[in-house]
Amino acid sequence: MKRLAVLAVSVLLLLFSISFFLLRPTSPPLLNSRQAFEPDRRLRVYIADLPRALNYGLLDRYWSLPAADSRIPASSDPDHPAPHGHPPYPENPLIKQYSAEYWLLASLRTAATPAVRVVADWREADVVFVPFFATLSAEMELGWGTKGAFRKKDGNEDYRRQREVVDRVTAHPAWRRSGGRDHIFVLTDPVAMWHVRTEIAPAILLVVDFGGWYKLDSKTANRNSTQNKYRPTLLYFKGAKHRHRGGLVREKLWDLLVNEPDIVMEEGFPNATGREQSIKGMRASEFCLHPAGDTPTSCRLFDAIASLCIPVIVSDEIELPFEGMIDYTEFSVFVSISNAMKPNWLRNYLRNISKQQKDVFRRNLAHVQPIFEYNTSYSSSRAPDGAVNYIWKKIHQKLPMIQEAVIREKRKPDGTSIQLRCHCT
């Protein structure tokens, strides 16, 4: 059965300052001479040689775990005991949204992604993909390891796996050729590769926050969230009120909006019940609030897209996936923090948006939905042009900058320190 997951993403590239899946250039990149004569050449990807125990073997181990995730009630863990014919990636509500590492590797293993050509020789590659399920590794340690020991190294199985990955990858001549600047690590959770971030700092680190939608969910959302459906709630938000970086905006918005009669502000937790309630609330709402939190974007934004709930993005500086390839202003409302902080301003602004404009937004939402879906069936010779292809296309689009960084790395004299342009914490 085809299964798709809606993408919800925010990516940090330690090589450059980026907006989803790579950097944000200040001027148009110039192609090198080889690329100038090959404008349609596919991105050439070499898959680093890692043992199966560090990717698909981790999934085998996950499904064989005898107990439920210790962080949630046993009734909220649908994976333990493992159901017959279980899905390819965990349904656990704390893990499901981080499945990018699985789908991206699957797209390379089957060689069915139109934007990519997998090469057997690392010397022919544009980028090197590191096939480590880093987030699954971290989540297994958090959910089944010794409580409170995640940040320690002794007795930490996740750290042992991180160490093995780094030792193997950095010992390969491909890393020595580029200093790691053309290597891709998929880190779908901020805690992934926690102990070795400094060592892989030169690489391309994709920090992705997923919505965890699969094809069945997406079909249900579309069937129950038609474009002309009556939506009694003006604005909806479900999540934690108190956050860390950037969370002050969320807290102030909460206090301003929580008592408005046609606005719903609910505390939420990422368990199965909370997710169902959130989906139901989005489907019944005209607009879905997306305030600042700990990361540049969150899965909430893309759950809203799947539910045809018009995103209201409150941020002065936000990173969004595939910008330059799609125009978010065609299906989202952007509000400055200063305006949002004014009493009654946001409520009045949204109420004054015409039905005609809302219909346009919702039609455009329906149009872009496939872009944020992962196709998880690669049996055909050509996969649909969904999220996987868009990710690889975006990387390919920024390839000249990656190559420039590699060239700069080659000319560095011995003893030069690595300057981190941005920090993933």
Side-chain angles (χ1 to χ4, degrees), residues 5-6 8-10 54-55 57-83 86-102 132-162 186-197 207-214 217 237-245 247 250 266-279 281 293-295 297-300 302-303 424-425:
V6 168
V9 222
S10 154
L54 295 171
N55 40 70
L58 267 179
L59 280 171
D60 296 340
R61 184 173 178 181
Y62 174 84
W63 292 113
S64 67
L65 290 168
D69 190 327
S70 63
R71 297 167 294 176
I72 56 177
S75 60
S76 294
D77 186 346
D79 299 335
H80 299 96
H86 58 73
Y89 200 81
E91 291 281 329
N92 181 323
L94 296 180
I95 301 176
K96 183 177 180 180
Q97 64 176 328
Y98 300 127
S99 59
E101 54 197 10
Y102 179 87
F132 175 42
F133 290 172
T135 292
L136 181 61
S137 175
E139 293 292 335
M140 288 172 64
E141 186 65 31
L142 287 167
W144 288 268
T146 303
K147 186 176 182 179
F150 178 78
R151 294 175 186 267
K152 300 177 182 178
K153 296 181 179 179
D154 293 340
N156 186 329
E157 284 295 302
D158 177 45
Y159 171 70
R160 181 189 61 77
R161 290 187 286 264
Q162 294 176 42
V186 184
L187 309 185
T188 55
D189 188 314
V191 300
M193 301 292 278
W194 176 268
H195 296 281
V196 296
R197 284 292 177 89
V207 181
V208 186
D209 198 351
F210 280 77
W213 286 79
Y214 285 16
D217 303 324
F237 174 84
K238 186 178 183 67
K241 176 181 178 180
H242 303 287
R243 304 299 291 174
H244 302 294
R245 293 176 300 168
R250 179 183 296 192
E266 296 178 335
E267 284 273 8
F269 184 75
N271 56 28
T273 301
R275 181 172 182 270
E276 291 173 4
Q277 292 173 344
S278 180
I279 293 170
D294 294 337
T295 53
T297 60
S298 77
C299 59
R300 188 178 298 103
F302 306 98
D303 288 346
C424 235
T425 57

Looking only at atom types and distance, does a side-chain atom of Thr135 sit under 3.5 Å from a main-chain N or O of Thr188, one as donor and one as acceptor? yes
From CZ (Arg300) to OG (Ser278), nearest 0.5 Å: 7.0 Å
Exercise: identify the closest heavy-atom pair between Lys152 and Gly148: CE-O, 4.3 Å
Minimum heavy-atom distance between Pro93 and Ser76, given as atom pair plus value: CD-O, 3.4 Å
When you compare the side chain of Phe132 with that of Met193, does any pair of heavy atoms fall below 4.5 Å? yes
Tell me whether the count of non-hydrogen atoms from other residues, nucleotides or ligands lying under 6.0 Å of CG in Asp154 goes above 12. no
Would you kindly say whether Tyr62 and Glu139 are connected by a side-chain donor-acceptor distance under 3.5 Å? no
Report the relative orientation of the aromatic rings in Tyr89 and Phe133; use parallel for angles under 30°, tilted for 30 to 60°, perpendicular for over 60°. perpendicular
Measure from the side-chain N and O atoms of Gln162 to the backbone N and O of His195, and report whether any donor-acceptor pair falls under 3.5 Å. yes
Answer whether the closest heavy-atom distance between the side chains of Pro78 and Pro90 falls below 4.5 Å. no
To the nearest 0.5 Å, atom CG of Leu59 lies from atom OH of Tyr102 at 7.0 Å
Just so I know, are the side chains of Arg71 and Leu142 near enough to count as touching, which here means a heavy-atom distance under 4.5 Å? yes
Tell me, please, which residues at least two apart from His80 pass side-chain hydrogen bond (donor to acceptor under 3.5 Å, both in side chains). Asp77
Spell out, as yes or no, whether a donor-acceptor pair under 3.5 Å connects the side chain of Trp144 to the backbone of Ala67. yes
What is the distance from atom CG of Leu136 to atom CD1 of Ile95, rounded to the nearest 0.5 Å? 6.0 Å
Taking the side chain from Lys238 and the backbone from Glu267, do they hold a donor-acceptor pair closer than 3.5 Å? yes
Please check if the side chain of Asp189 supplies one atom and the backbone of Ala192 the other of a donor-acceptor pair under 3.5 Å. no
Between Trp63 and Pro83, what is the shortest heavy-atom contact and its length? CZ3-CD, 4.2 Å
So, Asp69 and Asn92: side-chain donor and acceptor under 3.5 Å apart, yes or no? yes
The reported gap from CD in Glu101 to CG in Leu58 (rounded to nearest 0.5 angstrom) is 8.5 Å
pair Arg161-Ser137: side-chain heavy atoms closer than 4.5 Å: yes
Nearest heavy-atom pair of Val191 and Ala138: which atoms, and what distance? CG2-CB, 4.0 Å
Are Arg250 and Lys241 packed together at the side-chain level, in the sense that at least one heavy-atom pair is separated by less than 4.5 angstrom? no
Hey, is the main chain of Glu157 close enough, under 3.5 Å, to the side chain of Glu141 for a donor-acceptor pair? yes
